[in-house]
Chemist: 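Dropping a structure here in structure tokens format, bear with me for questions.
Side chains are part of it too, since the values below use all heavy atoms of this structure and drop only hydrogens, waters and symmetry mates. Treat the numbers as computed from the prediction; the structure is a model and nothing was measured.
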Amino acid sequence: MAIVPDEGKPHSKRPFPSEVGVGVPSSSVEPRQLATIQDDDERLLARIGYRQELRREFTRWSTVSYAVSILGVLGSQPATYGVPISLGGPATAVWAWFIGSIMAYVIASSVAELVSAYPTAGGMYFVTKHVVPPEHVAIWAWVIGWCNFLGQAAGVASLAYTIGQMILAGASMNSQYADGTYTYVPTSVQTVLVALLTLIVFGIVCSLTTKALHRMVLWFAPINVLATISICIALLILTPDKRSAKFVFTHITDDSGWGNKGFSFLLGFLNVAWVMTDYDGTTHMSEETHDAAIRGPLAIRLAVIVSGVLGWMLNITFGFCLTESYVEDIVNSPTGLPVAQIFLNAGGRSGGTAMLFFVILVQFMTGASAMLANARMTYAFARDEALPFSSFWSKINPITGTPVNAVWFVAVFCGCLNLIGLGSTQTIYAIFNLCAPCLDLSYIAVIFAHLVYSGKVQFIEGPFTLGRLSKPMNVLAISWVLFISVVLFFPTLKPVTATNMNYAIVVAGFVGMFSLGWWWAGAREKYTGPRTQDIMDLATGDDTEQFSGDPV
């Protein structure tokens, strides 16, 4: 389906970049090789202001599969399941996920509406240019870009770290068991080393051609969905002593120490907040996707629905499979991973290991997908001169046709984050906890700007819009993210000590000061925001004739 149809179809009157303040007069352009506009996707990208450099080889199904895999419920949900049940009980896990998934759909829909209009590798970061007055674009884009990049990097690093935890938990549960413990107990050094090796494998996968990635990603969602359903069925059949429905859906506790069941329930949102984010991850692949303005928003919303249902199934199933003394038996499991103990109770070592294998496999797919999005964001950010040595990081590899340098920039950066785990477990968890707030806050900042400046900045809608629901859903998304971000920065246990303190707010403050300090120290002299050109001025005669109609 064409995105920018010819001959008077709905989007044929989309303005040229120069008409929205981003172009340069053709007379001032130095002689260069002419751009060749091959299809509607490339035309739209040229009108936005970027030259087509990546290969568009993602199809409808690989885009949907990618969107589902980047949420990766089967891998990510078990990694954080211990938080809601340890703080508020099984019903907290069930209902926090249910509510959180609905709110995730509201946020994702608001994001989809904006990126549908400007489908680029920069995602929501690039949209900033078209929702903020020109004189404020640079500072807004700088803050939102860094917030988005760091949120994604924290997510990639945390995924690699949890894979390390899962692999070593599998090794532990297959070692000898005596006196209430296993003979093999993973150390922080071993976890970090496995995480670093995982990042290297992520980097190798993400360095492949877009065609190879398309073929691989096609299998991510089917494996995720089928494995989730199969594990739920297996657990319900194999677990010998299951809890009642009343226990699963109504048992809420106050184990956080804050003296309030309601607040303990709110702290349980950490599980769904960490899993159901990175909505614009799919849009970072826009310049490699056919009909990105339509398929991207569709994939984002569909992925949230599918992942929300699958995650709720898992929470309910895990609730039925808890023991009566689940805090001692499951939360404080000697495996080091509550879900691993649930698998072990149901399937024994062989069955439990098999189920854990599929969880690790899906988590690996999620990590690779997340690094892919982070690398494309890095490429877009560097393309706009927002990083040191930007020309190197934005370079397209002539063999693969992908930004390989950006991939390894992300791999090394995330590796450095994981190395922090060698010295302080609390600090690395604080960095990982920045993933959801950083990403969600970067989204609502753009949504907020779109609402505030709607009367001052012309915004050309894309194929997908929310219509009359747009403003109410935007306001709801902003309100929810602000509310839940405050909750997620709270310490999860009381009394608060140096060991259980939630250092995410400290790390967030440091990152904010560093970003703004860098801006005022000199970045503001060089960085101007997304650096688009009037590519249409460089097009061949035949191409420009197609756009010689009546621009808005």
Chemist: For Asp329 and Gln341, does a side-chain donor sit closer than 3.5 Å to a side-chain acceptor?
Modeler: no

Chemist: Is a donor from one side chain sitting under 3.5 angstrom from an acceptor on the other, for Gln176 and Thr183?
Modeler: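 No, Thr183 and Gln176 have no side-chain donor paired with an acceptor closer than 3.5 Å.
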
Chemist: Using ring-ring contact (aromatic ring centres under 6.0 Å, His included) as the criterion, list what pairs up with Phe464, not counting sequence neighbours.
Modeler: none

Chemist: With side chains defined as the heavy atoms from C-beta onward, is the minimum distance between Trp146 and Tyr125 less than 4.5 Å?
Modeler: no

Chemist: Can you tell me how the ring of His251 sits relative to the ring of Tyr326, calling it parallel under 30°, perpendicular over 60° and tilted otherwise?
Modeler: perpendicular

Chemist: Run the side chain to side chain contact (heavy atoms under 4.5 Å, CB included) check on Tyr105 and Met276 step by step: do they pass?
Modeler: CA-CA 9 Å; Tyr105 183 78; Met276 301 284 276; over 6 Å; no

Chemist: For the rings on Phe202 and Phe364, is their centre-to-centre separation under 6.0 Å?
Modeler: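 Centroid distance Phe202-Phe364: below 6.0 Å, so yes.
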
Chemist: Between atom CZ of Arg243 and atom CZ of Phe249, what is the distance when rounded to the nearest 0.5 Å?
Modeler: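 Answer for the CZ-CZ pair, Arg243 versus Phe249, is 14.5 Å.
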
Chemist: For a side chain to side chain contact (heavy atoms under 4.5 Å, CB included) with Thr198, tell me which candidate from Ile163, Ile360, Asn418, Leu159 qualifies.
Modeler: Ile163

Chemist: Name the residue from Trp274, Trp480, Phe483 that meets the ring-ring contact (aromatic ring centres under 6.0 Å, His included) definition with Phe269.
Modeler: Trp480

Chemist: Taking ring-ring contact (aromatic ring centres under 6.0 Å, His included) as the definition, give me every residue that meets it alongside Phe58, ordered by chain and number, with sequence neighbours left out.
Modeler: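 Here no residue qualifies.
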
Chemist: Using only heavy-atom distances, determine whether the side chains of Thr366 and Ser76 contain a donor-acceptor pair under 3.5 Å.
Modeler: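 Ser76 and Thr366 do not have a side-chain donor-acceptor pair below 3.5 Å.
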
Chemist: Do the rings of Tyr279 and Tyr443 sit parallel, tilted or perpendicular, given the 30° and 60° boundaries?
Modeler: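 If you compare the ring of Tyr279 with that of Tyr443, the planes turn out tilted.
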
Chemist: Supply the atom-to-atom distance Thr128 OG1 to Asn148 CG, rounded to the nearest 0.5 angstrom.
Modeler: 9.0 Å

Chemist: Could you state the interatomic distance from CD1 (Ile342) to SG (Cys321), rounded to the nearest 0.5 Å?
Modeler: 6.5 Å

Chemist: Can you list, pair by pair, the side-chain donor-acceptor contacts under 3.5 Å of residues 215-225, counting residues two or more places apart and other chains?
Modeler:
{"unit_1": "Asn224", "atom_1": "OD1", "unit_2": "Thr228", "atom_2": "OG1", "d": "3.4"}

Chemist: What about the rings of Phe490 and Phe263, do their centers lie closer together than 6.0 Å?
Modeler: yes

